[in-house]
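Just so it is clear, the structure is predicted and the values come from calculations on it, not from any experiment.
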Amino acid sequence: MNYIWDVMLNSQLKGMDASSIKFVPAENYSPYMELSLEDLNMREIDQTIEVNPYYRFYSIFKNLFLPDDEEVYELRKNLFDILFHFLGTIDLHQGMNKREYYIRFLKRDICDGVYGGRNASTFKDLNREEQDKICEGLLMVYETGELIHFLKQTMSKIFKKSIIYANCEEKNELLIYMGQKKTEDANSKVDLIMGLFLPLDFTIEIYWSHHFGILEEETTMRIEGIALY
């Protein structure tokens, strides 16, 4: 980590509350680095991060900690922490494009219960990567209207071994092979994806560990390993 945005981004990835991090002015620092770290390759986040405020923000902090001025020092340290949290947030947003903003808006709406309370609860339990993949798929649905295509794509991103078959000859039905054991966590994720993507006129059949038999496909026709359709 070399910059304050590194700290903010890592805290998000680890699910940390950024307010638990305290930025303080470093007593000893390199003029060529923003963060003052003992280990330059450190990836874990300490609760207290020492910063060289003059590396990028000299014009803001040049008069905040003058050598002979010790008046209201604690107040200035708290102001320093508040300002660096604000600057770190700006750093993160500067690298975002319009599409990433839309994905953040979708995340916020899902978490706020716009798509249902149950979906909100499950979505909040996902890690950031899974949340991003689901919202990317949902955004593509809004842009193209292709529910089934992006349902399949999102399922394959969250469940790497999953296969989805569409049976639309007699009825609108999806047959979903998961390729793993059924767990409460996995089942909740499937329910979330179906709740967000599945068209109202479709039904689903889910097969977890055993694939249903397909003629002339040997891998699906194993004795005691075939699920009935």
Side-chain angles (χ1 to χ4, degrees), residues 1 3-23 43-45 47 49 78 81-160 162 164 172 174 176 178 180 182-204 206 208:
M1 293 187 289
Y3 298 93
I4 54 172
W5 64 261
D6 270 334
V7 176
M8 303 295 282
L9 181 60
N10 271 278
S11 68
Q12 286 187 4
L13 293 175
K14 295 179 184 299
M16 290 178 59
D17 182 359
S19 63
S20 67
I21 300 169
K22 187 173 182 61
F23 292 103
R43 303 308 302 171
E44 296 300 320
I45 301 173
Q47 295 297 106
I49 302 292
N78 290 331
D81 181 47
I82 292 169
L83 285 172
F84 261 98
H85 273 93
F86 179 69
L87 292 168
T89 301
I90 291 176
D91 260 357
L92 287 180
H93 288 176
Q94 281 182 334
M96 293 176 63
N97 57 33
K98 185 168 70 172
R99 186 174 193 79
E100 289 170 325
Y101 273 103
Y102 286 154
I103 288 172
R104 287 204 174 190
F105 293 151
L106 280 172
K107 282 185 180 180
R108 181 193 63 193
D109 286 348
I110 295 173
C111 289
D112 287 347
V114 174
Y115 293 82
R118 184 176 178 182
N119 287 336
S121 178
T122 304
F123 187 80
K124 290 176 183 177
D125 289 336
L126 303 180
N127 60 44
R128 179 177 174 172
E129 184 180 1
E130 291 172 329
Q131 290 182 349
D132 284 345
K133 287 175 180 177
I134 288 174
C135 288
E136 286 168 7
L138 200 57
L139 180 59
M140 289 302 298
V141 167
Y142 286 127
E143 292 177 348
T144 67
E146 295 290 336
L147 278 165
I148 298 300
H149 174 77
F150 290 105
L151 185 156
K152 290 181 177 181
Q153 189 178 91
T154 303
M155 280 291 291
S156 66
K157 289 179 178 179
I158 303 298
F159 299 98
K160 304 296 185 182
S162 67
I164 298 181
N172 291 331
L174 297 180
I176 305 173
M178 301 301 299
Q180 67 175 65
K182 182 178 180 179
T183 65
E184 184 177 345
D185 179 59
N187 195 54
S188 295
K189 292 178 184 179
V190 172
D191 286 344
L192 170 65
I193 295 171
M194 295 304 130
L196 294 174
F197 291 88
L198 187 68
L200 293 175
D201 59 337
F202 271 75
T203 60
I204 60 171
I206 298 179
W208 289 92

Q) Which of parallel (below 30°), tilted (30 to 60°) and perpendicular (above 60°) describes Tyr3 and Trp5? A) parallel

With a 4.0 Å cut-off on N to O distance, would you call Lys189 and Asp125 a salt bridge? no

Residues Ile176 and Met155: closest non-hydrogen pair is CG2-CE, 3.9 Å

_For a side chain to side chain contact (heavy atoms under 4.5 Å, CB included) check, start with the C-alpha distance between Met178 and Val190, then their side-chain angles and the critical distance, and finish with the verdict._
CA-CA 10 Å; Met178 301 301 299; Val190 172; 3.7 Å; yes

Here the salt bridge (Lys or Arg N to Asp or Glu O under 4.0 Å) pairs for residues 109-121, sequence neighbours left out, are Arg118-Asp191

Taken in chain and number order and not counting sequence neighbours, the residues that satisfy side-chain hydrogen bond (donor to acceptor under 3.5 Å, both in side chains) with Lys152 are none

Separation between CG (Asn187) and CG (Leu192), nearest 0.5 Å, reads 11.5 Å

To the nearest 0.5 Å, atom OH of Tyr101 lies from atom CG of Leu106 at 15.0 Å

Parallel, tilted or perpendicular, judged at 30° and 60°: which one describes the rings of Phe84 and Phe23? tilted

Nearest heavy-atom approach of Ala18 to Met8 is CB-CE, 4.2 Å

Partner of Asp132 under salt bridge (charged side-chain N to carboxylate O under 4.0 Å, His left out), picked from Arg104, Lys157, Lys107, is Lys107

Nearest heavy-atom contact between Thr122 and Ser188 is CG2-O, 3.5 Å

Separation between OG1 (Thr154) and CE (Met194), nearest 0.5 Å, reads 9.0 Å

Residue pairs passing the side-chain hydrogen bond (donor to acceptor under 3.5 Å, both in side chains) test with at least one member in residues 133-147, sequence neighbours excluded, are Arg99-Glu143, Tyr115-Tyr142, Glu129-Lys133

Exercise. Could you walk me through whether Leu174 and Leu151 pass the side chain to side chain contact (heavy atoms under 4.5 Å, CB included) test, one step at a time?
Key: CA-CA 11 Å; Leu174 297 180; Leu151 185 156; 4.2 Å; yes

To the nearest 0.5 Å, atom OG of Ser20 lies from atom CD of Gln47 at 4.5 Å

Closest non-hydrogen contact found for His85 with Ser19 is NE2-CA, 4.2 Å

For Thr203, the side-chain hydrogen bond (donor to acceptor under 3.5 Å, both in side chains) test, sequence neighbours excluded, returns none

In this structure, CG of Asp81 is separated from CD1 of Ile49 (nearest 0.5 Å) by 11.0 Å

When every non-hydrogen atom of Pro199 is compared with those of Leu147, the smallest separation belongs to CG-CD1, 3.9 Å

Nearest heavy-atom contact between Phe159 and Ala186 is CZ-O, 3.6 Å

Residues passing the side-chain hydrogen bond (donor to acceptor under 3.5 Å, both in side chains) test with Asp201, sequence neighbours excluded, are Asn172

Applying side chain to side chain contact (heavy atoms under 4.5 Å, CB included) to Lys124 and not counting sequence neighbours gives Cys111

Are Val141 and Leu196 side-chain neighbours, meaning at least one heavy-atom pair lies under 4.5 Å? no

Distance col, row Gln180:CD vs Lys182:NZ, nearest 0.5 angstrom, shows 11.5 Å

